[in-house]
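Everything numeric here is computed off the predicted structure, so don't read it as measured data. We number each residue from 1, following the sequence as shown.
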Amino acid sequence: MNTLQQLADVLEQRKDADPDSSYVAQLYSKGLDKILKKIGEEATEVVMAAKDGDKDNVVYEVADLWFHTLVLLAQQDLSPDAVLKELDRRFGLSGLEEKASRSE
């Protein structure tokens, strides 16, 4: 089992956990707006780290962004596999071609 799937499994388990028992359970208990706020914060931190040219910090902040995005997927009853399947679907398409297919 890969790290992404292991993390998705833990995030799923935290849905039923006591909010006092874990950070993720607290996020779930605070609802969608709190999760979205965290994603926005983490995305901003990625941008700032990249602008600073600090590659180690970019990796750290992208990990935080991915983590919180995975929390969102679990909250929405989606799995990382759904995103991976979408990326597989797009693989081999030019970005312009893929974008045009969405606007039809």
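The only member of Leu7, Val24, Leu65, Val10 that meets side chain to side chain contact (heavy atoms under 4.5 Å, CB included) when paired with Leu70 is Leu7.
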Carefully, step by step, assess Asp9 and Gln13 under the rule side-chain hydrogen bond (donor to acceptor under 3.5 Å, both in side chains). CA-CA 6 Å; Asp9 291 346; Gln13 293 166 7; over 6 Å; no

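Ile39 and Val59 fall into different hydrophobic clusters, where Ile, Leu, Val, Met, Phe, Trp and Tyr side chains are chained together by heavy-atom contacts under 4.5 Å. Linking ILVMFWY residues whenever their side-chain heavy atoms come closer than 4.5 Å, directly or via other members, leaves Leu4 and Phe91 in distinct clusters.
Judged as a ring pair (Phe, Tyr, Trp, His ring centres under 6.0 Å), not a single pair has a partner in residues 41-64 (not counting sequence neighbours). For residues 55-75, there are no salt bridge (charged side-chain N to carboxylate O under 4.0 Å, His left out) pairs, not counting sequence neighbours. Applying the side chain to side chain donor-acceptor pair (under 3.5 Å) test to residues at least two apart or on different chains, the pairs with a partner in residues 23-33 are Tyr23-His68.
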For residues 73-85, dump all side-chain donor-acceptor pairs below 3.5 Å to protein atoms at least two apart in sequence or in another chain.
unit_1 : atom_1 : unit_2 : atom_2 : d
Asp77  : OD1    : Lys15  : NZ     : 2.6
Ser79  : OG     : Asp81  : N      : 3.2
Ser79  : OG     : Ala82  : N      : 3.4

Hey, can you pull the donor-acceptor pairs under 3.5 Å for the side chains in residues 40-52, sequence neighbours left out?
unit_1 : atom_1 : unit_2 : atom_2 : d
Glu41  : OE1    : Lys38  : NZ     : 3.2
Thr44  : OG1    : Gly40  : O      : 3.0

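To the nearest 0.5 Å, the span separating CG on Leu32 from CG on Leu27 amounts to 11.0 Å.
Among residues two or more places apart in sequence or in another chain, the ring-ring contact (aromatic ring centres under 6.0 Å, His included) test is passed with Phe67 by none.
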